[in-house]
Amino acid sequence: MPKTGNDKLQGTLNLLVLRTLESCGGLHGYGLSEHIRAVSDELLQVEEGSLYPALHRMEQDGWISSKWEITDKGRKAKVYSITARGRKQLADEHETWERLTRGVARVLKYT
Amino acid sequence: MPWYSRCQNVFRSERLNSELDDEFQHHLAQAVDDLIASGMSEKDAWSAARRRLGNYGLQKERTRDMNIAAWLDSLRADLAYGFRQLKSSPGFTAIAILSLALGIGANTAIFQLVNSIRLKSLPVKNPHELALIDFEDNSTRPGNWFSDEAVATSAEWDQIRAQQQAFSGILAWNSRRFNLANGGEPRYAEGLYVSGDFFRLLGVKAILGRTITAQNDTKTCNAGAVISYPFWQREFGGDSAALGRPVSLDGYSLPVIGVTPESFFGLEVGSQFDVAVPLCADTLMDPDHIGRAGMPAGYWLSIMGRLKPGWTIKRTTAYLHTISPGIMQATLPPTYPPGIAKGYLANRLTAHEGSTGLSNLRTQYERSLWLLMAITGLVLLIACANLANLLLARATVREPEIAVRLALGASRGRLIRQLLAESLLLAIAGTVAGITLAIVLSQSLIAFISPAGNPVFVDTRPDGEVLLYSVAMAMLTCILFGLAPALRSSHLSPAAAMRAGGRSVTASRGHFGLRRILVTTQVALSLVLLFGALLFVRSFRNLLTTDPGFQAEGLLAVSVDFTKANYPVERRADFNRDLADRFSSLPGAVGVSLVAFTPLGGSTWNNMVGADNAVAEGMGNLVDFNVVSPGYFRTMETRFIAGRDFNDRDLLMSPKVAIVNQAFARRLFGNANPLGHTFHYAADAGQVAPSYQIVGLVANTKLRQLREDFGPIAFFDTDQNEKPGTTSTFVIRMSGSPARLMNGARTAIASVNPSIGIEFKPLSAQLKESLLRESLMATLSGGFGFLAASLAALGLYGVMAYMVAKRANEIGVRIALGADRAGVIRLILREAVLLLAAGMIAGTVFALWAGKEAATLLFGLQPRDISTLAGAMLLLAIIGLLAGYFPARRAGALDPAAALRST
C-alpha cells in the first residue's frame, strides 16, 4: 500500500517541523532544514522540494503561523512559529510516532 | 478557516506569487552563503543551491497549490478563458445572449403571471386552511345574480353560518364598484361588502385605526369604511388624519375607520379593493332600504371559511352534504313556484380549496397563460437548439486547438468543464437580460389585458419563486445547449483531428448528424408554433368579422344615473323621454333609443317562457329579455324581418306586446310564423305573468359575447314598463366626432339636474374589450411563431452553409468534371428539403396533438384545421427554402479551381 507509505513520510516531516519550531521558536525555511540536519547528526536531510509545500499546507491548516522579518543580514525572510493548534497536533503525532516505533521495534526484536 | 483563505488566495495570485519568490530567493541566498563559507566559488554555489532546491517553477507551483482552493482556481481560469473567447466573437455572443434573453424573458414574464394568478396563495394568515363554500354544479336556484362569483343569498349565508361545525369561522363578501363622484361623470372605487368576521378570520390587521368587526355588521348597522393602502395613498395622501373623514359611496357618506396593510388586496386575484364596508351597509345605502340582502332570491355573496384542524376538503364536502337539506328547507325563497322549489330543496353544498381565493381573471386567462407558457417554452427550446448548433460550429473551428490540448494530456473532464464555462457565461448573461425583459414584458401584458378604466391588479414584483424559476431556466438552457457540443468536442480522437487538419470530412460526420437532428427539431417545433399562431390569428379574425347583428361602429352607449334626483316612479318614464328628446336634438346624433341591457355590456335578464297556453318551464325554454324604446332596431341597424316596431299606441295600459328575434321564433314556434302568437314567462309563486303578443320579428343579435351562438331574445317596450329604475341607458347612433356629442350630452344633463351621473361607452370599444384575450393570444402567438420560424431558418441556413463549406472540395470536383450549376444547386437544396420534410412530419404529429389543447380558445375553426396546418407548412417551407437557397447558390457559384486549390 504505497499510499500509506507516503502518508507516513509526510507525517514524519510534519513531526520534525513542528518539534523543531516548538524547541527553537521562530525559524525560516532554510534555518529549519539546517537545524534538522545538524541536530540529527546529518542523518536526516529534509528534501528541500517537499519542505515548502509542507510548510504552506501546515500554515493553511493553522498549525504554524508566519511573519515576514528582516534578518540580521538584511534579507527579507518568512519566519514560521508554532501555534496552539500546532502544539496539540505535535502531541498527537508524537504519541503516534512513539507507538509506531515501539511496535516496529518489538516486531524486529521477535525471533 | 483554511478554505476561506484558500478561496481568497485565488483572487490575489499576483501577491501570492511574489511572496513565494521572496521566500525561495531567501532560501537560495542562505544556502549560497553557507556554500561560499565552505569554500565554493559564488558562481558554483548558486548553481549548487538551485540544484538542491530542484525545479524552481515546479516547486513554486506545488507550494502555491497548498495555498489555494484548486477547484475554485480552475473555475476562475475557465470563466476568464470563456469570457475571452466570447469577447473575441462579439457577433456570436450578441446573437446568443439576445436569443436567450428573448426566450427566458418571455417565459419568465408568463410564469410571473401564472404564479400571481394561479399559484400564489392569498396574502392572509395561514391561507391553506381556507376553503370556499359553494353549491354543487347544476343546482336549481334561479333569481337575481349580482356577480359572477356569487354563491349565496343573505338568508343562505345566515343559515350556513348558524349551522356549520366544520369551520372555526366563516366569512362572506361581495365585490361591487362604488361611484365616488356626486353627479357628472363617475369616478369608480372597487368596493367590498364584508361580513363582521372577515378581517379577523383572515388575520388582516389595520395599520391605522381598526378593521370592520362583528359590532359593525348588525341589523342597526354601525357602518364605517375600511380603506386599502393604495386608496389611502391616492385619496388621502397617506395622511393619518384620514380616520373619521367621510367617503362618498354611490352618494352615501361613510366615515373612514381604518386602513389595511399594503400587501392585502382582497380575496379576488386580479383586482385590488379600495373600500370595504360591512354587509349591512348594502341595505343601509339602498334608497329603498331593501338592498340585495332584502331580495327573496338575490344571489350576491361569496362564502369562505377557515377549516378546523383535521378537516380536509373531502370531509368538509361530505359534511356539507349532510347539513344541506336543513339549510335549503330554512332558506327556500318564497317566490319559487312548486316545480322550482322542489329542485331547490334537493340542492347540495360543497367545499373547494380556497387558499388562492377567487378570480375572474383566472377563469378567463388561466388556459391562455398555460398555453403561452408552453409556447414560450418551445421558443426557448428552439433558441437552445440554435445555440447548440452555433456552438457545434465553433467547436469545429476549435478542433485543432482541442486536439492539441488532449494530446498534451488535458483531462476530458477538465475540457468539458472549460467548454461548459463558456455556455454558463452565456446562460447567466441571457438570464440577467431576460429577467430585465420579463419585468417590462409582464407589465405590458397586464396593461394589454386591462380593460379601459378598470386596470387589472396583479402583484408582479419579482419574488423568490420567479427568481428561482429563471435561475432554473438558466441552468436548464445551459445544459441543453452547452452539454452536447462540449461532450462531442472532448471525445475527439486527437490523432485523427490533428491529421485531418483543416480538411476533415470524415472526422466530423458525427457533428453533422447531431446538427441535422437539431435543425429537424427546430423545424418541427416552429411548425407547431406557426400552426398555433395561425389558429389564434384566424380565430381572432373570425371574431372580428363575425356579424353581431348590429352595427357597433358609430354607436355610443350613454348611462344616466338619476338616483339622487329623487324622481318618483311615475315621473321616470317622462324624464327618460325628455332626455331622449334632448339627446336627439344634439348635433351629430342620428338616432336615440333607450335600452335596458346593452349588447356585450355584461348584465342580462333571463327566464323560462311558455308559448301561447303552454306552461313556462324547462331549461330549454330559457330565453333572454331586453327592454327597448321604439326605434331601437333602427338605431342599432338590426334588420327588421316582419311585423311592426313598437309605436306610441303601445302604452302602459294597452295590451302587452313584444318583438322577438329569429332564434326565439324558432325555439318556440319552429318554422311557423310567430306574429300574432303570445307567450308568457314563469311567474313568481302566487302571481300571474302577463301574456305578450308578438308584433315583430327581427334578425338575431349577440348579447353576452361575440363567441356565443345566437340565442333567443324577446324585446319588451319601455313604455309598457311599470317600474322604471333610477338608471337608464341610451344608445345613440352618431355621425361625426363622438367628443362633440359627448360634450353636448354632458351639458344637456347638467342643465336638467347637476346631481345626475353620466357615463359614456362607445360600443365598438366595448366590442374590442370583449376580445382582449383573443387579441392577446393572436398577438403573442403570432409574434412567437414568427420568432420561432426565424430562428429555425437561421439554424437551417447555418447547417446548409456549413455543409457547403465542408463539401467545397467534392463540389469543386463535380463542377470540374462537368456537373452543371443548376444540378449542384439542386443537390444542395435536396438536403434542405429533406431536413424541412423530416421536421415537418414530426411537427405535424406534434401540432395535431397540441392543437386540441387550444380547442376551447378558438372560434369558428377546428383545432385540427387542415387548411391552417397547410398554411403553416407552406409558410415554413418558403422561409426554409429561402434559408437553404443562399448556401446552395454559393455552392453553384464555386470556382472549381479555387475550391480544389484551397484544400
Side-chain angles (χ1 to χ4, degrees), chain A residues 6-7 9-11 13-14 17-18 20-21 24 26-38 42 44-81 83-86 88-89, chain B residues 1-40 42 45-73:
Chain A
N6 271 340
D7 284 350
L9 274 174
Q10 195 76 63
L13 184 55
N14 288 350
V17 168
L18 288 173
T20 309
L21 289 178
C24 305
L27 271 179
H28 45 66
Y30 184 78
L32 252 171
S33 66
E34 284 303 296
H35 178 89
I36 291 169
R37 193 166 60 88
E42 313 217 349
L44 296 176
Q45 172 72 56
V46 178
E47 202 197 320
E48 288 175 11
S50 320
L51 178 64
Y52 285 97
L55 279 174
H56 280 247
R57 205 194 54 250
M58 283 191 262
E59 188 185 1
Q60 286 294 341
D61 288 344
W63 299 348
I64 60 176
S65 62
S66 72
K67 58 177 183 283
W68 289 93
E69 277 178 8
I70 304 295
T71 60
D72 38 7
K73 286 182 187 158
R75 291 194 181 114
K76 210 174 132 192
K78 196 176 179 189
V79 176
Y80 295 92
S81 44
T83 65
R85 267 170 81 186
K88 208 170 146 272
Q89 181 69 22
Chain B
M1 290 228 274
W3 63 267
Y4 174 71
S5 118
R6 279 178 185 151
C7 289
Q8 210 180 23
N9 279 336
V10 169
F11 301 101
R12 46 185 286 262
S13 58
E14 284 297 309
R15 175 129 169 251
L16 187 63
N17 261 335
S18 78
E19 278 181 9
L20 286 172
D21 276 332
D22 285 350
E23 193 170 8
F24 286 173
Q25 285 306 327
H26 174 256
H27 180 102
L28 289 175
Q30 290 289 109
V32 167
D33 280 358
D34 283 358
L35 288 170
I36 292 175
S38 67
M40 221 182 252
E42 193 178 337
W46 271 107
S47 52
R50 283 222 176 83
R51 231 175 4 254
R52 255 169 56 187
L53 187 66
N55 182 334
Y56 185 90
L58 184 66
Q59 288 307 340
K60 207 174 118 182
E61 194 167 309
R62 281 179 55 201
T63 312
R64 181 177 165 273
D65 283 350
M66 292 299 154
N67 286 289
I68 58 171
W71 60 271
L72 187 64
D73 188 49

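A, B, ... follow the sequence lines: proteins, then strands. Residue 1 opens every chain. Computation of the quantities below employed the complete heavy-atom set of this structure, encompassing side-chain atoms and omitting hydrogens, waters and symmetry-equivalent molecules.
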Non-hydrogen atoms of Tyr30(A) and Asp34(B) that approach each other most closely: OH-OD2, 2.7 Å

Heavy atoms of other groups near Lys73(A) NZ, more than 12 under 6.0 Å: yes

Check: Trp68(A) and Glu19(B) side chains under 4.5 Å, non-hydrogen atoms: yes

Least distance between heavy atoms, Ser50(A) atom then Arg62(B) atom: CA-NH2, 4.4 Å

Gln25(B), part contacting chain A, at a heavy-atom distance under 4.5 Å: neither

Gln30(B) and Arg75(A), any side-chain heavy atoms less than 4.5 Å apart: yes

NE2 on His26(B) to OG1 on Thr71(A), rounded to 0.5 Å: 5.0 Å

Residue His56(A) versus chain B: region with a heavy atom under 4.5 Å: both

Interface residues of residues 45-60 of chain B facing chain A - heavy atom cut-off under 4.5 Å: Arg52(B), Leu53(B), Gln59(B)

